[in-house]
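After the structure tokens below, expect a handful of questions from me.
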Amino acid sequence: MVQELFFPSVATYLDPNHLTFLDKELFTDLTSGERREVDLVVKARFRNQDSFFLVHIESQSQPEVEFGQRMFHYFARLHEKYALPVYPIALFSFDNPQRQEPQTYRVEFRDWSVLAFNYRVIQLNRLNWRDFLEQPNPVASALMAKMKIAPQDRPKVKAECLRLLATLSLDPARMQLISGFVDTYLRLNAAEENQFQAELSRMDVTEQEAIMEIVTSWTEQGIQQGIQQGVQQGIQQGIQQGVQQGEVALVMRQLSRRFGQISPELEQQIHRLSTDQLEALGEALLDFSDVTDLQSWLENYSEGQSYSGS
């Protein structure tokens, strides 16, 4: 889990054998009337105790002025509903700005401090990807793609993300999801693709084959054609031919997990999106509350506009 990677002290009192992922929590913002959805809530047990607490992880793909206030509202409502302590974590995945984001929401008067609500912050654009190369954690292999990366290191980071992922014993579904995340957020141009191939060529055959298996899960058709021409050529050809298909499949999986089956009409609109638009949709859908947000986003893009989520 995220806290094991970034907050190892939590592992000293969290029992990893008693974790329950709770259903999505929907709350109505009383001021705006908008419905908001908590990203992830896990019920955990204290180690060697018959008592529990909640871990709330909120993923934020764009800056938000009132984010701290929203974290406090989620905390208060979760605490009220479950009557359990809540460990709040904010995961910032936007590229800019790179200034340190606040981790406290305060209510103060000139003569008195009423509230200082603290939450943990993971700000990926301030973390160095090299610090996570040796972490045997699937979260690390995914989130490295959104960390602080020098432009010339992008191909190397993508290769290292896939190599790290190949060392982990994950089920096919998780492997496919994480590898798709890496490819989405480390989209390479032609020059970078050549450097990526050079990075792969420096790996041993076993590592190359393991990476091939990962990429195969979401670019199967292209990779199968590439295998006949050799491992190196197969990886390159598979990635180039499978990008569009992989983007659509990844976005559809994410939408299906959040909202259930998507109508054929909406699916057809998604298939017509460009690669850049699919990538933008992959980020925007993290802030969607329901299918109507998806419909609005697609309508806006058809008019040459972009959707601004919650």
Side-chain angles (χ1 to χ4, degrees), residues 5-6 59-63 91-99 122-135 137-168 175-204 207-208 210-219 222-223 226 231-251 274-284 286:
L5 181 63
F6 297 101
S59 177
Q60 187 72 3
S61 61
Q62 58 189 9
L91 175 62
F92 295 123
S93 61
F94 47 77
D95 296 327
N96 290 294
Q98 295 186 0
R99 66 173 184 268
I122 304 168
Q123 188 171 343
L124 297 179
N125 65 23
R126 292 177 62 88
L127 299 176
N128 192 315
W129 63 274
R130 296 180 186 275
D131 296 335
F132 297 85
L133 274 177
E134 305 302 324
Q135 293 284 349
N137 189 314
V139 174
S141 62
L143 296 186
M144 278 168 54
K146 292 294 288 181
M147 291 181 185
K148 190 174 183 179
I149 303 172
Q152 67 272 17
D153 287 337
R154 284 168 41 81
K156 181 176 179 61
V157 174
K158 185 167 186 176
E160 291 296 341
C161 285
L162 294 178
R163 173 156 53 182
L164 174 59
L165 189 57
T167 66
L168 305 174
M175 186 73 76
Q176 187 175 17
L177 179 64
I178 294 174
S179 64
F181 184 96
V182 172
D183 187 67
T184 297
Y185 291 107
L186 280 176
R187 179 76 62 223
L188 305 181
N189 59 35
E192 292 174 328
E193 191 65 46
N194 290 333
Q195 186 179 342
F196 174 72
Q197 297 300 324
E199 293 289 341
L200 292 183
S201 69
R202 287 191 281 271
M203 299 181 186
D204 61 41
E207 290 175 327
Q208 292 183 32
I211 292 175
M212 172 78 90
E213 291 180 4
I214 294 173
V215 179
T216 298
S217 66
W218 51 272
T219 58
I223 288 295
V231 172
Q232 288 298 318
Q233 185 179 358
I235 293 177
Q236 183 178 17
Q237 187 175 7
I239 291 175
Q240 291 173 345
Q241 295 182 3
V243 164
Q244 184 73 13
Q245 179 183 352
E247 285 280 0
V248 171
L250 178 61
V251 168
S274 67
T275 301
D276 289 341
Q277 290 172 333
L278 286 166
E279 182 174 343
L281 176 56
E283 293 192 20
L286 297 175

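No experiment lies behind these values; they were computed from the predicted model shown. Starting from 1, each residue takes its place in the sequence as its number.
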For Arg154 and Glu192, work out which heavy atoms get closest and say how close.
-> NE-OE2, 2.9 Å
Using a 4.5 Å cut-off on heavy atoms from C-beta on, say whether the side chain of Met147 contacts that of Leu143.
-> yes
Give, for atom CD of Glu279 and atom CG of Leu250, the distance between the pair rounded to the nearest 0.5 Å.
-> 10.5 Å
Test side chain to side chain contact (heavy atoms under 4.5 Å, CB included) applied to Met203 and Leu200, step by step | CA-CA 5 Å; Met203 299 181 186; Leu200 292 183; 3.9 Å; yes
Find the distance between OG (Ser59) and CD1 (Ile122) and round it off to the nearest 0.5 Å.
-> 9.5 Å
Pair Phe6-Leu127, side chain to side chain contact (heavy atoms under 4.5 Å, CB included): steps then yes or no = CA-CA 11 Å; Phe6 297 101; Leu127 299 176; 3.5 Å; yes
Would Ser141 and Val182 satisfy side chain to side chain contact (heavy atoms under 4.5 Å, CB included), going step by step from the backbone distance to the final call?
-> CA-CA 8 Å; Ser141 62; Val182 172; 5.7 Å; no
Nearest 0.5 Å please: distance from the NZ atom of Lys156 over to the CZ atom of Arg163.
-> 7.0 Å
Any idea which heavy atoms bring Ala140 and Phe132 closest together, and the distance?
-> CB-O, 4.2 Å
Residues in ring pair (Phe, Tyr, Trp, His ring centres under 6.0 Å) with Phe181, at least two apart?
-> Tyr185
Mind checking the CG-CE spacing from Leu164 to Met144? Nearest 0.5 Å is all I need.
-> 6.0 Å
To the nearest 0.5 Å, atom CG of Leu165 lies from atom CG of Asn137 at 11.0 Å
Would you sort out whether Glu283 and Thr184 count as a side chain to side chain contact (heavy atoms under 4.5 Å, CB included), showing the intermediate values?
-> CA-CA 10 Å; Glu283 293 192 20; Thr184 297; over 6 Å; no
Okay, side chain of Gln123, backbone of Arg99: is any donor-acceptor separation there less than 3.5 Å?
-> yes
Would you name the heavy atoms of Ser179 and Leu162 that are closest together and state the gap between them?
-> CB-CD2, 4.4 Å
Nearest 0.5 Å please: distance from the OG1 atom of Thr167 over to the CD atom of Gln135.
-> 11.5 Å
